[in-house]
Each structure stands twice: as structure tokens, then as C-alpha cells.
Amino acid sequence: MNYYGSIPLFDNEHVYVTCSGKGISGLFFSFDELMLQTKGTATLLENHEYIKEATKQLHEYVVQTRQNFDLPLEITGTAFQQKVWKELKTIPYGEVISYKQLASMIGQPKAVRAVGQANRRNRLPIFLPCHRVVGASKDLTGYAGAQVHLKERLLTLEGIQVANGKVVLA
């Protein structure tokens with residue numbers, strides 16, 4: 001059974017976090033996406049221990065008292081996707097890498113597009129920080145569908161300067 005909770009992220013924006021008995025299974029930026037991905041089967045249960053802990057840790061992240069998440073995650077995907085997602089956790093808070101660098105980090109330097117697709121299918125954004133991956137020319141390429149403004153907001157929160165849709169290096 002999937003449960004979900006609505007968690008405030010920024011000002012008037014919420015995220016929807018799902019969990020099962022194994023851990024956090026998804027983070028969605030809209031209720032419609034939550035319903036689509038769970039096929040409408042998720043049940044509201046905001047006092048579930050995993051939802052409460054995710055709420056606490058996301059709040060700490062937003063107020064900049066947390067840089068890493070320590071949550072049980074239920075990660076499902078292909079072996080390749082899981083390899084990419086595992087590597088995402090090694091990107092330090094406040095730093096960005098390119099899709100090409102990520103492909104090299106997993107030992108498949110020519111798999112840049114496949115790495116991008118794996119990031120696109122990441123059901124645990126923020127927890128598996130795909131927002132820290134940018135285009136080769138530092139462009140803020142896609143994030144969670146059309147949510148590039150959230151990618152910019154997350155990077156800015158982490159102290160990364162962004163201007164005109166690109167990361168500005170100090």
C-alpha cells in the first residue's frame with residue numbers, strides 16, 4: 001500500500017511524498033503527478049513515520065540546517081538507472097556536475113543521453129539530488145518535467161549562483 005503526505009517546500013509550493021512499508025518511494029511536485037504515478041491508489045496518511053521524517057528533513061534542508069538526507073528509500077528502476085541514482089548521492093551539497101561527468105562517473109562516458117533519461121525517471125528528486133546535474137555548458141536543462149524553476153531554486157538554496165538559466169561559476 002502506498003501512502004502520501006503533502007509537505008510545504010517553498011512559499012506556496014508543496015511536494016507530495018509517497019511511502020510504502022519499505023521507505024520513501026516517491027517525491028512529486030504536483031498532486032496530478034502523484035495521482036498519475038500511483039495510479040490514484042495512494043492514501044493520505046501524513047502521520048506515517050516515514051512521511052513525518054521526510055517532512056522534518058525537507059524542512060531542515062529548506063532552512064539550510066541539513067545538507068544530506070538520511071531516509072529509508074525504496075528505489076525501483078533498471079540496473080542502469082539505479083547505478084546513476086546511486087551516483088547522484090555522491091554529488092556534494094552546493095556543487096554541480098554535467099551529465100557527461102555523471103556518465104563518466106558510472107564508467108559509461110558515452111551514455112550521456114541515457115544518464116539524462118535516468119535522471120528524468122528519478123522518482124526521488126531532492127533525496128537523490130538530480131538537480132545538481134546540469135548541461136555541459138552549465139545550462140539548467142530539464143527538471144521534473146517542466147519544473148526548471150524549481151531546479152534553479154534548489155541550486156540557489158544550496159548557494160549556487162544561477163543567472164539566465166545557467167550556473168555561474170565563481
Side-chain angles (χ1 to χ4, degrees), residues 1-94 96 102 114-134 140-160 162 165:
M1 175 124 229
N2 268 336
Y3 300 105
Y4 79 91
S6 173
I7 300 173
L9 189 61
F10 298 119
D11 304 331
N12 296 322
E13 297 185 63
H14 283 71
V15 293
Y16 299 87
V17 173
T18 57
C19 71
S20 67
K22 297 177 185 175
I24 301 297
S25 56
L27 184 149
F28 306 98
F29 293 105
S30 76
F31 184 76
D32 290 344
E33 183 67 15
L34 162 73
M35 288 294 111
L36 177 69
Q37 294 297 324
T38 62
K39 297 177 176 60
T41 62
T43 303
L44 179 64
L45 186 64
E46 292 180 324
N47 66 349
H48 189 285
E49 65 181 296
Y50 294 148
I51 302 293
K52 288 182 355 185
E53 186 60 25
T55 301
K56 175 182 172 282
Q57 290 190 28
L58 279 168
H59 173 73
E60 291 168 350
Y61 172 76
V62 169
V63 299
Q64 299 177 302
T65 60
R66 173 176 292 276
Q67 295 185 355
N68 299 298
F69 293 95
D70 182 27
L71 294 165
L73 301 177
E74 182 182 348
I75 302 171
T76 57
T78 67
F80 179 81
Q81 289 169 336
Q82 290 194 29
K83 191 176 188 181
V84 171
W85 299 335
K86 181 180 178 186
E87 202 62 39
L88 289 174
K89 290 189 81 164
T90 70
I91 306 168
Y93 177 95
V96 294
L102 183 54
V115 163
Q117 287 302 311
N119 270 6
R120 184 173 162 266
R121 289 183 171 84
N122 176 9
R123 287 184 57 155
L124 294 159
I126 303 177
F127 302 134
L128 299 177
C130 54
H131 62 278
R132 296 179 187 151
V133 183
V134 298
L140 299 186
T141 56
Y143 184 69
Q147 305 291 330
V148 177
H149 73 284
L150 286 173
K151 184 174 192 168
E152 180 174 348
R153 189 105 188 245
L154 293 167
L155 292 175
T156 301
L157 175 75
E158 293 185 14
I160 297 170
V162 177

For the [atom1] atom of [X] and the [atom2] atom of [Y], what is their distance to the nearest 0.5 Å?
{"X": "Arg132", "Y": "Thr90", "atom1": "CZ", "atom2": "OG1", "answer": "10.0 Å"}
{"X": "Asn47", "Y": "Tyr3", "atom1": "CG", "atom2": "OH", "answer": "10.5 Å"}
{"X": "Leu27", "Y": "Glu33", "atom1": "CG", "atom2": "CD", "answer": "11.0 Å"}
{"X": "Ile51", "Y": "Cys19", "atom1": "CD1", "atom2": "SG", "answer": "4.0 Å"}
{"X": "Glu60", "Y": "Gln67", "atom1": "CD", "atom2": "CD", "answer": "12.0 Å"}
{"X": "Phe31", "Y": "Leu36", "atom1": "CZ", "atom2": "CG", "answer": "12.0 Å"}

Quiz item: Can you name the salt bridge (charged side-chain N to carboxylate O under 4.0 Å, His left out) partners of Glu87, sequence neighbours left out?
Solution: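 For Glu87, no residue satisfies salt bridge (charged side-chain N to carboxylate O under 4.0 Å, His left out) once neighbours in sequence are set aside.
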
Quiz item: Taking only residues two or more places apart in sequence or in another chain, which ones pass salt bridge (charged side-chain N to carboxylate O under 4.0 Å, His left out) with Asp11?
Solution: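 Residues passing salt bridge (charged side-chain N to carboxylate O under 4.0 Å, His left out) with Asp11: Arg153.
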
Would you say that [X] contacts [Y] through its side chain, given a criterion of any heavy-atom pair below 4.5 Å between the two side chains?
{"X": "Val133", "Y": "Ile91", "value": "yes"}
{"X": "Gln117", "Y": "Gln81", "value": "no"}
{"X": "His14", "Y": "Leu9", "value": "no"}
{"X": "Phe28", "Y": "Met35", "value": "no"}
{"X": "Asn119", "Y": "Leu88", "value": "yes"}
{"X": "Ile7", "Y": "Tyr16", "value": "no"}
{"X": "Leu58", "Y": "Ile126", "value": "yes"}
{"X": "Phe80", "Y": "Val115", "value": "yes"}

Where do [X] and [Y] come nearest, in terms of heavy atoms and distance?
{"X": "Gly26", "Y": "Leu124", "value": "N-CD2, 3.5 Å"}
{"X": "Cys130", "Y": "Asn122", "value": "SG-ND2, 3.3 Å"}
{"X": "Gly21", "Y": "Tyr50", "value": "O-OH, 3.4 Å"}
{"X": "Tyr4", "Y": "Thr18", "value": "CB-CG2, 3.9 Å"}
{"X": "Gly77", "Y": "Gln82", "value": "O-NE2, 3.0 Å"}
{"X": "Gly5", "Y": "Leu44", "value": "CA-CD1, 4.3 Å"}

Practice problem: Can you sort out the partners of Phe69 under ring-ring contact (aromatic ring centres under 6.0 Å, His included), two or more places apart, ordered by chain and number? | Solution: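 Scan of Phe69 (ring-ring contact (aromatic ring centres under 6.0 Å, His included), adjacent residues dropped) gives Tyr61, Phe127.
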
Practice problem: Identify, with sequence neighbours excluded, every residue that meets side-chain contact (heavy atoms from CB on, under 4.5 Å) alongside Glu53. | Solution: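 Scan of Glu53 (side-chain contact (heavy atoms from CB on, under 4.5 Å), adjacent residues dropped) gives Lys56, Gln57, Leu71.
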
Self-check item: Residue pair Asn2, Ser25: steps toward the side chain to side chain contact (heavy atoms under 4.5 Å, CB included) verdict
Solution: CA-CA 8 Å; Asn2 268 336; Ser25 56; 3.7 Å; yes

Practice problem: Start with the C-alpha distance between Leu140 and Leu155, add both sets of side-chain angles, then the distance that settles side chain to side chain contact (heavy atoms under 4.5 Å, CB included), and finish with yes or no. | Solution: CA-CA 10 Å; Leu140 299 186; Leu155 292 175; 3.5 Å; yes

Quiz prompt | With Ser6 via side chain to side chain donor-acceptor pair (under 3.5 Å) - residues at least two apart | solution =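 With neighbours one apart ignored, the set is empty.
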
Quiz prompt | All side chain to side chain donor-acceptor pair (under 3.5 Å) counterparts of Thr65, not counting sequence neighbours | solution =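 None.
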
Quiz item: Hey, is Glu46 close enough to Lys52 for a salt bridge, meaning N to O under 4.0 Å?
Solution: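 No, this pair does not count.
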
Self-check item: Heavy-atom donor-acceptor pair, Trp85 side chain to Ala118 backbone, under 3.5 Å
Solution: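 Flag set: sc Trp85 to bb Ala118 pair under 3.5 Å.
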
Exercise. Check the pair Val17 / Thr55 against side chain to side chain contact (heavy atoms under 4.5 Å, CB included), numbers first and verdict last.
Key: CA-CA 9 Å; Val17 173; Thr55 301; over 6 Å; no

Self-check item: Evaluation steps, side chain to side chain contact (heavy atoms under 4.5 Å, CB included), between His131 and Glu152
Solution: CA-CA 8 Å; His131 62 278; Glu152 180 174 348; over 6 Å; no

